[in-house]
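Single-structure report; data block below.
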Amino acid sequence: MTKPVEEGHPSDDLSGFRRSLGEFATGVTVITTCIDGVCYGMTSNSFASVSLEPPLVLWSVKYESQSFPAFRDCSHFAVNVLADDQVDLSQNFARSGPDKFDGLAYRDGAGKCPVLAGIAASFECSLSEIHPGGDHLILVGQVERYARYDRQPLLFAKGRYAIAADHPETRVATDAAPAATEVPEAPTLAQLLGRAYGTVAHRLEQSRKTAGLGLTLMQARLLKTVQTYPDSTLQDLLPEIFLDFNASQNILESLEALDLLAIDEAGRVRLTEAGEDRINAVVEHTRTNEQDLFKGVPKEDLAAMQRVLERVVGNRG
């Protein structure tokens with residue numbers, strides 16, 4: 001086995017750890033958002049696909065970044081995948097300071113997030129979830145619109161920019177005889193439940209936006225949880241929210257800023273009158289859409305499904 005040129009614990013040699021991470025080639029993106037008419041953008045190579053159903057992507061922003069507050073508080077962001085002739089754009093958005101968009105061609109995407117011209121691909125996303133990740137905050141977005149252009153992507157590896165080229169063995173692999181068709185295994189119940197949840201949640205979130213209810217999936221979930229268990233602390237509510245404390249705290253603060261809930265000195269959370277009205281409208285909207293979603297499914301099948309799900313969920317102790 002070949003001896004590594006460097007190895008060890010990351011805390012002993014942070015530079016070596018960073019160089020090792022650089023062995024993993026990535027694309028280069030510019031992430032943009034818009035808050036109160038002000039545009040923000042930063043270069044990032046932490047972009048990754050998460051899920052197809054629902055369509056989710058993620059990236060991460062450093063807490064110390066000047067643009068951190070904007071991305072933490074945004075409702076939408078756009079991922080601009082740079083083309084191989086856009087090194088200047090990458091360097092422009094990698095710097096600190098204002099006026100990054102001066103003289104640039106772009107259009108307004110979802111949430112008025114800038115979508116740059118000449119890129120390889122774009123993903124316009126609503127902010128779905130946020131998770132702490134060491135010295136970064138991980139942002140998960142649900143893709144509302146995508147676009148792909150016939151361009152070569154810009155790459156980054158070993159601390160420098162790179163371009164894509166076909167590997168010499170590509171044709172060999174392409175021309176190889178296809179493998180025998182395998183019969184896929186039947187999905188587990190847990191897989192079906194997860195996919196069903198993603199499909200239903202995505203459809204409901206899209207219809208909520210169309211109806212002007214103005215809440216993300218996680219905001220609606222937290223409001224409903226507070227309505228079900230009023231005067232609970234955030235810590236008490238965590239088992240029902242399925243997020244860690246920091247991510248839940250951010251969502252809680254966003255709802256408090258919208259005057260949809262109030263927090264007393266002991267940290268107990270209760271809906272405001274506006275919050276009560278909003279979540280009741282969301283629940284009614286959900287019931288109406290469920291009737292349309294399950295149209296054609298026999299009532300006895302729906303009743304059986306509800307009994308099974310209630311048994312799985314159980315009662316909160």
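Note: hydrogens, waters and symmetry copies are ignored here, and every other heavy atom, side chains too, is used. By convention here, the first residue in the shown sequence is residue 1. Since the model is a prediction, treat every value here as computed from it, not as a measurement.
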Worksheet item: Salt bridge or not for Asp231 and Arg268, using N-O below 4.0 Å?
Response: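 Salt bridge: no.
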Item to complete: Flag the pair Lys112 and Glu124 as a salt bridge only when some basic side-chain nitrogen lies within less than 4.0 angstrom of an acidic carboxylate oxygen.
Response: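 Judged by the 4.0 Å cut-off on N to carboxylate O distance, Lys112 and Glu124 do not form a salt bridge.
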Heavy-atom side-chain contact between [X] and [Y] under 4.5 Å:
| X | Y | value |
| --- | --- | --- |
| Ile163 | Leu155 | no |
| Ser122 | Val79 | no |
| Leu260 | Leu271 | no |
| Leu223 | Gln219 | no |

Practice prompt. Assert yes or no for the condition that the ring centre distance of Phe71 to Trp59 is strictly below 6.0 Å.
Written response: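 Yes: the rings meet the under 6.0 Å criterion.
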Exercise: do [X] and [Y] side chains pair donor with acceptor under 3.5 Å:
| X | Y | result |
| --- | --- | --- |
| Thr233 | Asp236 | yes |
| Gln227 | Asn280 | yes |
| Tyr40 | Thr32 | no |

Taking atom [atom1] as the centre, does [X] end up with more than 12 heavy-atom neighbours from other residues, nucleotides or ligands that are less than 6.0 angstrom away?
| X | atom1 | answer |
| --- | --- | --- |
| Leu52 | CG | no |
| Arg95 | CZ | yes |
| Gln306 | CD | no |
| Phe294 | CZ | yes |
| Arg145 | CZ | no |
| Glu64 | CD | no |

Discussion item. Quick check for you: to the nearest 0.5 Å, what is the distance between Leu82 atom CG and Ile119 atom CD1?
Written reply: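 Reported value, rounded in 0.5 Å steps: 7.5 Å.
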Worksheet item: Relative to each other, are the rings of Phe93 and Phe101 parallel, tilted or perpendicular (30° and 60° limits)?
Response: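 If you compare the ring of Phe93 with that of Phe101, the planes turn out perpendicular.
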Discussion item. Run the salt bridge (Lys or Arg N to Asp or Glu O under 4.0 Å) test on Arg151 and Asp85 for me, step by step, so that the C-alpha distance in whole Å, both residues' side-chain angles and the decisive distance to 0.1 Å come before the verdict.
Written reply: CA-CA 9 Å; Arg151 306 219 58 202; Asp85 60 353; 2.8 Å; yes
Discussion item. Between Leu252 and Val140, is there shared hydrophobic-cluster membership here, with clusters defined by ILVMFWY side-chain heavy atoms closer than 4.5 Å?
Written reply: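 No, Leu252 does not connect to Val140 through the hydrophobic network.
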